[in-house]
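The basis for the numbers below is simple: all heavy atoms, side chains too, and nothing from hydrogens, waters or symmetry mates. Proteins get letters first, then strands, A, B, ... in listed order; numbering begins at 1 in each.
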Protein chains: 2
Amino acid sequence: MGRPAQISHEDLIAAAALVAARLGPAKTTIAAVSKAAGVPTGSIYHRLPSRDALLAEIWLTAAERFQAMALAAFATANSIEAAAEAALVTPRFARAHHAQAVVLNSHRREEFITAGAPEEYRARAVKLAAELREAMANTAARLLPGDPRGKERTAVALIGIPLGAVRVFLPQAVPPQEIDADIAAAVRAALRH
Amino acid sequence: MGRPAQISHEDLIAAAALVAARLGPAKTTIAAVSKAAGVPTGSIYHRLPSRDALLAEIWLTAAERFQAMALAAFATANSIEAAAEAALVTPRFARAHHAQAVVLNSHRREEFITAGAPEEYRARAVKLAAELREAMANTAARLLPGDPRGKERTAVALIGIPLGAVRVFLPQAVPPQEIDADIAAAVRAALRH
DNA sequence: AGTATATTAGAGGATATATTCTAATTAATC
DNA sequence: GATTAATTAGAATATATCCTCTAATATACT
């Protein structure tokens with residue numbers, strides 16, 4: 001019933017993510033997104049209440065996708081060797097979802113989840129952060145039991161190191177396959193030394 | 001001669017960097033900087049031609065400072081062990097110059113060096129990039145001679161890994177001393193494995 | 001003291017962009 | 001085929017903020 005939309009919600013957000021990856025959140029204007037997606041500005045407001053909501057949706061869509069992969073990988077990290085393998089979700093995600101990786105990696109969360117974003121969106125961001133914190137605590141307890149710096153070291157190893165490694169290549173290029181071995185070696189060393 | 005300025009150029013840029021670190025480049029408005037620095041908007045335009053120039057100056061001041069430290073450190077990296085020590089400039093800079101580290105670490109260069117920035121500023125950015133590229137090539141030739149992936153691995157080890165490690169703590173906190181050992185171990189492994 | 005000059009001071013115009021609003025379109029349902 | 005509902009379509013308005021402009025002010029030099 002009713003006229004069919006000429007673009008799906010997912011495709012609209014994907015187009016917006018591409019704009020955000022290319023131009024950054026500041027230049028991700030309604031006009032720019034509407035042009036990139038090939039829909040009039042009014043159609044965007046038909047689906048989303050505001051620009052702040054659009055920016056939040058871009059970031060949350062990317063973050064939820066990445067976090068689903070990351071938490072699944074971390075759950076399997078029962079040894080330092082397995083953790084080194086799990087850390088490779090980050091370069092793999094960057095290769096599979098370049099624009100979303102740039103959104104997550106090259107900008108601060110606060111530039112997408114702004115003070116003006118509707119509460120619903122802010123709540124999703126809070127939930128994501130809490131889930132990640134919990135997963136990191138569990139992983140740290142398994143990998144480095146008894147180490148008072150366990151959480152900190154696990155975060156540096158499983159998140160910081162792979163993030164920094166892919167950032168050398170983003171946003172212009174895609175991280176080459178070969179760095180995976182470098183990342184794995186670095187993660188092992190950071191957890192084991 | 002003439003009325004004395006109530007804030008130096010350096011202090012103005014430092015105040016602006018603090019705003020940028022806190023709110024991001026998009027919300028680093030002339031009004032916000034003028035309020036933070038305690039000077040009227042007209043005074044800012046008396047010194048800088050435009051907002052684009054101000055944003056560029058914020059980034060360039062931070063980048064030039066960091067790069068001076070980094071290139072000096074990399075020049076001493078004649079062994080993998082020395083390189084692991086050199087990589088610690090990144091956490092040290094983050095501790096000594098928190099706001100500038102956040103500017104460099106948590107945002108893309110393009111959000112500060114915009115298309116509208118005066119040519120003079122763009123030229124400084126180009127020069128910085130060229131100097132860094134050259135220093136990395138030299139360092140790679142010393143550390144990993146004959147390795148076809150030498151430049152890539154050196155960049156990941158000396159830039160990517162420490163950058164990612166400090167990013168776990170920025171912008172809210174300062175990276176703790178203790179992660180230096182984790183970074184050094186990771187850098188050694190990335191270069192040596 | 002008087003003059004020249006650099007800077008402060010902040011109100012006002014110009015511009016960019018978010019948002020709203022009315023009408024036109026298109027498909028499913030009766 | 002008429003009706004209804006969802007969406008397109010884009011012009012018009014509101015708002016934010018950059019930048020300009022005129023006047024006032026404070027120091028150094030003569």
Decide, yes or no, whether a salt bridge links [X] with [Y] under the criterion of side-chain N to carboxylate O below 4.0 Å.
X: Arg108(B); Y: Glu111(B); answer: no
X: Arg192(B); Y: Asp182(A); answer: no
X: Arg124(B); Y: Glu64(B); answer: yes
X: Glu85(B); Y: Arg92(B); answer: yes

Let me know the distance between [atom1] of [X] and [atom2] of [N], rounded to the nearest Å.
X: Arg47(B); N: dT7(C); atom1: CZ; atom2: P; value: 7 Å
X: Leu23(A); N: dT17(C); atom1: CG; atom2: P; value: 11 Å
X: Lys35(A); N: dT17(C); atom1: NZ; atom2: C1'; value: 15 Å
X: Leu55(A); N: dA18(C); atom1: CG; atom2: C1'; value: 12 Å
X: His46(B); N: dT22(D); atom1: NE2; atom2: P; value: 16 Å
X: Lys27(A); N: dA16(C); atom1: NZ; atom2: P; value: 12 Å
X: Leu48(A); N: dT20(C); atom1: CG; atom2: C1'; value: 16 Å
X: Asp11(B); N: dT8(C); atom1: CG; atom2: P; value: 13 Å

Short side-chain N/O contact to dA9(C) OP1/OP2 from Gln6(B), under 4.0 Å: yes
Strictly under 3.5 Å: I want the nitrogen or oxygen pairs between protein and nucleotides 27-30 of chain D, one per line.
from, atom 1, to, atom 2, distance (Å)
dT27(D), O2, Gly2(B), N, 3.1
dA28(D), O4', Met1(B), N, 3.0

May I ask you to test the [X]-[Y] pair for a side-chain heavy-atom distance under 4.5 Å?
X: Trp59(B); Y: Leu128(B); value: yes
X: Thr154(A); Y: Phe74(A); value: no
X: Lys127(B); Y: Arg122(B); value: no

Same cluster or not: Leu158(A) versus Leu163(A), using hydrophobic residues (I, L, V, M, F, W, Y) connected whenever any side-chain heavy atoms lie under 4.5 Å apart? no
Group every Ile, Leu, Val, Met, Phe, Trp and Tyr by side-chain heavy-atom contacts under 4.5 Å, then state whether Val33(B) and Ile7(B) land in the same group. yes
Annotated protein contacts, base or backbone, on nucleotides 10-21 of chain D with a non-hydrogen cut-off under 4.0 Å, one of B, S, - each: BB------SBB-
